[in-house]
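Values in this document were obtained by computation on a predicted structure and should not be read as measured data. FYI, side chains are in, hydrogens and waters are out, and symmetry mates aren't considered; it's all heavy atoms of this structure. Residue indices begin at 1 and follow the sequence shown.
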Amino acid sequence: MSTDGDTTPPSAERHPALGPAQLKALAHPLRVQILDLLSTHGALTASRLADLVGESSGSTSYHLRQLARHGFVREVAGRGTARERWWERPPGGFTVSTPDETEDTATTLATAMVSREFENARARKIQAFLERSSELPTRWLDGTRLTTASMWLTADQMNEVADAWDALDATLHRFEGQEQAPGARPVQIHFNVFPTIDGKENPS
């Protein structure tokens with residue numbers, strides 16, 4: 001199982017798994033929030049990020065530098081000044097893989113924290129949409145789907161569903177790099193398929 005940092009489908013080429021050092025560097029709620037905002041809104045300054053997260057620009061600047069050290073963000077070339085720098089996500093995403101028994105406790109905790117914070121960010125966006133959808137034009141509401149399917153599946157069937165999502169990767173890949181496209185706005189695409197932990201597998 002994996003969770004993708006920019007909410008696009010998993011791909012071994014485009015979404016390499018984070019190593020222990022990267023996971024530990026990202027394991028801070030504000031850093032995950034900053035990364036998520038850059039993924040959603042595109043390039044932002046430390047001051048604008050500070051406004052969005054309710055922190056000081058000194059705090060967001062510090063966390064941006066730490067994220068940059070590990071390749072999560074980068075300065076926007078040719079934009080900004082020495083006093084006001086712009087930051088962006090590099091192209092592509094990353095995968096946060098489920099830890100296994102060979103990993104140390106710190107890595108396991110970091111993995112859980114990073115995944116949890118990305119999921120919290122998703123939940124905040126859905127809640128904001130539910131509360132403020134009336135502000136959007138109808139053309140943006142027509143394509144909206146918020147769907148949960150609770151089913152009984154075998155492991156092979158669940159893998160089949162996951163494979164169908166992977167096949168959608170080609171379509172999503174076609175739409176990348178449209179931050180400046182006329183008529184485009186940030187959109188979130190969510191997909192989760194996982195076995196419920198408190199469920200029981202039927203005898204074969």
query = Going by distance alone, is a donor N or O of one side chain under 3.5 Å from an acceptor N or O of the other, for Q66 and R69?
reply =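 Side chains of Q66 and R69: pair found under 3.5 Å.
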
query = Would D104 and T107 count as having a side-chain donor-acceptor pair, cut-off 3.5 Å?
reply =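 D104 vs T107: donor-acceptor pair found between side chains.
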
Between [X] and [Y], is there a donor-acceptor pair closer than 3.5 Å when you use the side chain of the first and the backbone of the second?
{"X": "T95", "Y": "A17", "value": "no"}
{"X": "Q22", "Y": "G19", "value": "yes"}
{"X": "R31", "Y": "A25", "value": "yes"}
{"X": "S115", "Y": "A112", "value": "no"}
{"X": "R145", "Y": "D142", "value": "yes"}

Are the side chains of [X] and [Y] in touch, meaning some heavy atoms are under 4.5 Å apart?
{"X": "L38", "Y": "L67", "answer": "no"}
{"X": "H70", "Y": "L26", "answer": "no"}
{"X": "S97", "Y": "T111", "answer": "no"}

query = In terms of the angle between their ring planes, are F94 and F72 parallel, tilted or perpendicular, with boundaries placed at 30° and 60°?
reply =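 Aromatic pair F94/F72 classed perpendicular.
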
inquiry  = Taking the cut-offs as 6.0 angstrom to the six-membered ring centre and 45 degrees off its axis, would you call R74 and W87 a cation-pi pair?
reply    =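 The answer is no; the distance or angle limit is not met.
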
query = When clusters are formed from ILVMFWY side-chain contacts under 4.5 Å, directly or step by step, what else is grouped with F175?
reply =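 Under the 4.5 Å side-chain rule, F175 groups with nothing.
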
Sequence neighbours left out, cut at 3.5 Å: what donor-acceptor pairs do the side chains of residues 157-164 make with other protein atoms?
residue: Q157; atom: OE1; partner: T154; partner atom: N; Å: 2.9
residue: Q157; atom: OE1; partner: T154; partner atom: OG1; Å: 3.4
residue: N159; atom: ND2; partner: A155; partner atom: O; Å: 3.3

key: Least distance between heavy atoms, K24 atom then A106 atom   =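 Distance-wise, the nearest heavy atoms are CE-CB, 3.8 Å.
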
query = Taking it one step at a time, do D36 and Q33 satisfy side chain to side chain contact (heavy atoms under 4.5 Å, CB included)?
reply = CA-CA 5 Å; D36 180 70; Q33 194 172 359; 5.7 Å; no

key: Verify same cluster id: W152, F194 (apolar side-chain graph, 4.5 Å)   =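 No, W152 does not connect to F194 through the hydrophobic network.
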
query = When you check the gap from the basic side-chain N to the acidic O, do R116 and E119 get nearer than 4.0 Å?
reply =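 No, this pair does not count.
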
[atom1] of [X] to [atom2] of [Y]: how many Å apart, nearest 0.5 Å?
{"X": "T40", "Y": "R89", "atom1": "OG1", "atom2": "CZ", "answer": "9.5 Å"}
{"X": "S61", "Y": "E84", "atom1": "OG", "atom2": "CD", "answer": "8.0 Å"}
{"X": "L141", "Y": "L136", "atom1": "CG", "atom2": "CG", "answer": "5.5 Å"}
{"X": "F191", "Y": "D166", "atom1": "CZ", "atom2": "CG", "answer": "8.0 Å"}

inquiry  = Among residues at least two apart in sequence or on other chains, which ones pass ring-ring contact (aromatic ring centres under 6.0 Å, His included) with F129?
reply    =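 Expected list: none.
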
